[in-house]
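Notes to accompany the following structure.
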There are 4 protein chains.
Amino acid sequence: MSSRLSLDTLNRADPAEFARLIGGVFEHSPWVAEAVAPRRPFATLAALYAALADAARAAPTDQQMALLRAHPDLAGKAARAGAVTDFSKAEQASAGLTHLTDAEFARFETLNADYRAKFGIPFIVCVRRHSKDSILAQFARRLAHAPAQERDAALAEVLLIARLRLAALVEAPDALPVAGRLSTHVLDTMRGRPAAGLAIELAQLSVAGERLPLKAVTTNADGRTDAPLIAGQPLPIGTYELSFHVGRYFATAGVALAVPAFLDIVPIRFAIAEPEGHYHVPLLVTPWSYQTYRGS
Amino acid sequence: MSSRLSLDTLNRADPAEFARLIGGVFEHSPWVAEAVAPRRPFATLAALYAALADAARAAPTDQQMALLRAHPDLAGKAARAGAVTDFSKAEQASAGLTHLTDAEFARFETLNADYRAKFGIPFIVCVRRHSKDSILAQFARRLAHAPAQERDAALAEVLLIARLRLAALVEAPDALPVAGRLSTHVLDTMRGRPAAGLAIELAQLSVAGERLPLKAVTTNADGRTDAPLIAGQPLPIGTYELSFHVGRYFATAGVALAVPAFLDIVPIRFAIAEPEGHYHVPLLVTPWSYQTYRGS
Amino acid sequence: MSSRLSLDTLNRADPAEFARLIGGVFEHSPWVAEAVAPRRPFATLAALYAALADAARAAPTDQQMALLRAHPDLAGKAARAGAVTDFSKAEQASAGLTHLTDAEFARFETLNADYRAKFGIPFIVCVRRHSKDSILAQFARRLAHAPAQERDAALAEVLLIARLRLAALVEAPDALPVAGRLSTHVLDTMRGRPAAGLAIELAQLSVAGERLPLKAVTTNADGRTDAPLIAGQPLPIGTYELSFHVGRYFATAGVALAVPAFLDIVPIRFAIAEPEGHYHVPLLVTPWSYQTYRGS
Amino acid sequence: MSSRLSLDTLNRADPAEFARLIGGVFEHSPWVAEAVAPRRPFATLAALYAALADAARAAPTDQQMALLRAHPDLAGKAARAGAVTDFSKAEQASAGLTHLTDAEFARFETLNADYRAKFGIPFIVCVRRHSKDSILAQFARRLAHAPAQERDAALAEVLLIARLRLAALVEAPDALPVAGRLSTHVLDTMRGRPAAGLAIELAQLSVAGERLPLKAVTTNADGRTDAPLIAGQPLPIGTYELSFHVGRYFATAGVALAVPAFLDIVPIRFAIAEPEGHYHVPLLVTPWSYQTYRGS
């Protein structure tokens with residue numbers, strides 16, 4: 001993606017240019033941008049986003065329905081037919097939706113079909129905020145909705161997608177709250193100091209028991225990682241596991257351990273529920289004990 | 001196996017009967033029992049075992065070598081030819097050695113051959129104290145021994161086997177220290193009480209990443225299990241994992257949790273190094289934190 | 001006090017003897033025992049106590065009022081005039097009420113007077129279940145009661161006193177639930193073993209900041225104390241502090257510590273709310289960290 | 001004290017002015033500054049300090065002795081006679097040495113006298129790095145030194161004092177490592193969030209059991225304190241206690257607690273050994289459990 005637009009550029013563009021620059025934020029529905037063009041200038045990106053969201057929510061039902069229908073099918077034919085905008089392909093890839101097995105694809109198609117049959121719109125979800133498992137959980141939950149309730153849910157997802165796209169598109173002094181952060185910190189409570197040089201792996205776990213490696217790092221002198229484990233993006237809802245190489249850490253430090261060591265690889269499994277949340281998952285460890293907690 | 005003999009019976013039997021009753025404790029080598037028969041009566045089983053061990057250790061080298069050669073090959077042809085005593089088949093099954101894959105069997109055979117070629121005796125290990133992985137680790141370590149050093153190591157294993165067999169065979173007021181214990185205890189530190197009704201699974205983990213389920217239990221009103229997780233037998237050296245169903249416990253208790261819950265299944269992975277040890281691995285847990293340690 | 005009576009003796013005594021043996025359990029009010037004599041024999045002490053409690057609760061108001069009036073003033077003139085039964089003097093001593101300073105005595109007298117003026121009965125509380133501070137807290141809370149409400153509260157206290165007296169008086173297969181227990185357990189999580197030989201002091205803390213030493217012990221090989229810190233009696237409601245001599249423990253063990261050590265004496269302060277409760281307050285400790293929790 | 005000098009000013013001053021500006025850093029001994037004046041300019045304050053330290057350490061013994069003798073007696077007559085420089089009075093006040101009781105003063109005087117009698121110099125210690133108790137501990141330890149060993153110890157203290165004075169006097173891009181930091185962080189592990197609005201008191205404890213309140217703060221929204229508990233100064237060696245008002249925190253949050261609450265005020269007692277160290281002493285707490293550790 002090319003470099004970002006400035007809020008200033010958006011404020012100063014003529015209405016048609018504004019609609020063109022911003023319009024892709026709502027899939028094939030430039031009228032949303034057109035509705036807010038007269039409300040410029042916007043002092044902050046948050047204000048621009050709020051105005052777009054207001055315009056979408058205030059639109060007549062039939063216009064909202066058109067907005068919803070314009071959204072591509074999740075992993076559906078449209079996704080493979082190249083009709084999806086550049087935004088949508090990147091988004092679906094992040095949830096592993098471009099890597100569906102035959103069984104998964106068939107399942108998604110069936111669910112899409114059931115959904116479309118009931119609601120007359122494609123199933124819309126901000127995939128960057130989800131894992132495959134949480135999207136399937138969404139399907140189940142939302143298929144049970146009444147139509148008006150589901151229209152609101154789908155619109156809410158369209159707005160979440162729009163917010164992410166806007167954040168990627170526009171550079172502004174204020175940042176939209178679209179990114180979460182996952183970090184850790186290892187304390188060697190046997191020796192009262194940060195555990196430096198301790199290897200950690202982060203993986204995502206699926207309900208089916210698959211393990212998807214995400215990152216491998218080593219702690220720095222402060223027992224932390226130079227960069228957060230995940231930052232600058234929404235944290236996909238789902239289950240994760242941190243594997244701390246504790247045995248190797250203490251062995252390298254020359255600490256006498258049992259053979260085999262009581263603690264070798266320490267797995268810490270937890271779930272992320274808030275994609276925009278800050279999750280700090282430290283480990284306090286000795287060769288014979290450890291604890292973890294959601295910190296800050 | 002039939003019911004156990006009494007120490008009294010052993011003390012009062014004539015020497016030939018004593019040798020017959022006890023002799024199987026040392027594979028095809030009744031001379032060990034014959035050597036200690038005159039030292040009866042024994043006040044405790046520990047004293048009887050000590051006398052047998054002394055006799056074995058004090059025997060001339062060639063007699064020790066004969067004792068070692070009389071032991072069956074670990075998972076070798078002898079194991080499949082039915083020439084192994086009843087004792088040995090049960091023992092090898094417990095380490096999964098009667099369930100070897102073709103690759104594993106080939107590997108064991110190669111190691112056995114290398115070992116026999118170097119030392120002229122079969123590889124002997126008290127399999128009840130081991131997992132498949134720890135036996136393989138033993139092979140590697142002991143293949144590097146000098147012959148005299150390895151004769152001592154092999155004899156030590158014969159004595160560990162003998163001690164287990166004796167404990168199974170003889171009922172006495174004193175118990176030989178052949179059994180370890182693994183237990184747990186779950187404390188709900190959010191509400192300051194034992195976590196009752198919490199489901200736990202215990203599994204053994206192999207180096208290759210295989211998970212062998214061993215037990216599934218639910219905590220009682222005191223947050224403990226009615227019986228220890230493992231007791232009355234040596235704890236096989238190796239890696240284990242306790243899976244605590246924390247999410248379900250708190251959900252059942254009506255505690256408001258994140259969706260998905262920060263903690264659902266909490267895995268605690270640890271290794272046992274002492275088969276006769278007491279391992280108490282508690283969990284102190286809230287919906288957002290937990291700790292564990294080797295307790296007592 | 002002389003050795004205890006058997007339940008059997010109580011069951012077989014004639015009614016007058018029964019009333020004489022049991023009567024002192026209710027201060028100067030033998031009618032309670034007289035009311036239950038015909039209901040013998042009792043299979044358990046719990047059943048006997050339940051019958052006595054029922055008789056007291058079911059009595060006409062004026063008879064209950066007489067029962068309440070018959071109870072000695074807490075630390076009042078009656079306590080110093082020798083008219084209080086043997087039971088009451090021991091009980092009051094346990095809450096430090098025979099050791100009142102002039103100021104405290106004046107305060108108690110004033111509260112007693114206010115109480116008596118409002119309710120026409122002496123202030124009754126089962127002092128063995130309390131500390132001086134919790135008795136004062138009781139005064140404040142109960143002075144606010146309406147008369148009928150307070151009559152119930154006072155009667156409840158009379159029954160708690162009776163239960164304790166009965167437990168001290170009668171030996172039976174079943175024990176009345178009158179005793180609590182306070183215990184601890186120290187785990188050295190640096191070395192994965194019980195902390196043996198660690199000195200601990202238990203003290204009671206008053207609201208005014210006074211520290212009353214109760215016990216000094218040293219942990220045994222299992223990191224526990226040979227006997228519970230407190231057992232066989234109600235645990236007085238109030239604040240306590242355990243002081244664990246951690247610095248000395250690690251220094252003795254030859255662990256290199258900072259000078260002065262980060263942790264020397266570790267104070268654990270907690271309150272007991274249930275005199276009949278079981279409080280297990282362990283310490284998991286390294287030279288640089290510790291944790292505690294209400295366990296079981 | 002007036003505003004600080006710049007390193008640039010010191011570099012550009014003529015030698016006499018330099019000696020005058022810097023000279024007070026070494027009590028009545030301007031020759032140290034004179035010795036380093038020719039080595040200017042110094043690029044960093046650390047380089048200036050290193051040069052001054054080198055000059056002091058390289059000086060002939062008799063000159064070092066003169067430097068040591070020029071230092072005021074700790075809490076001695078000189079301290080009360082007004083002959084002490086402005087620097088020394090502030091320093092002694094910080095260790096409570098201007099607030100000595102008669103007994104303490106007599107003790108210090110006796111120790112000073114013993115020390116002077118043995119070594120012929122006054123007892124010198126960088127008091128800002130100490131508490132009263134740690135100074136007394138120093139006396140005991142150093143009185144046992146051989147003269148040459150003690151001369152080194154005393155000179156080391158003079159250099160520590162000089163470093164602190166220099167840091168206070170000179171503003172430079174680099175900061176001398178003279179300040180430590182004490183901080184805390186409270187996590188509510190019952191609810192998985194920072195404990196905001198929790199009151200904390202910090203006090204210094206003396207060996208004699210005196211408690212000197214230092215600070216009272218309340219945690220912010222992140223469970224931390226807006227400013228560190230102590231910063232910008234050396235942390236005096238000694239024992240401290242943090243009192244966390246846990247009971248009030250949970251009660252305010254509407255959490256149902258026992259009456260009285262199991263945890264009300266939680267005391268965390270620890271010692272600081274490194275005045276220039278960073279001590280982070282967090283508390284992870286529920287109404288029924290807590291832990292602390294030296295973090296980072």
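Keep in mind that the numbers below use all heavy atoms, side chains included, and drop hydrogens, waters and symmetry copies. All values reported here derive from a predicted model rather than from experimental measurement.
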Rounded to the nearest 0.5 Å, what's the gap from CG on C/Leu187 to NE2 on B/His280? Could you check? 8.5 Å
What option among B/Asp188, B/Asp222, B/Thr189 has the most heavy-atom pairs under 4.5 Å with chain C? B/Asp222
Given C/Ser296, which partner from the list B/Arg224, B/Arg193, B/His185 fulfils the side-chain hydrogen bond (donor to acceptor under 3.5 Å, both in side chains) test? B/His185
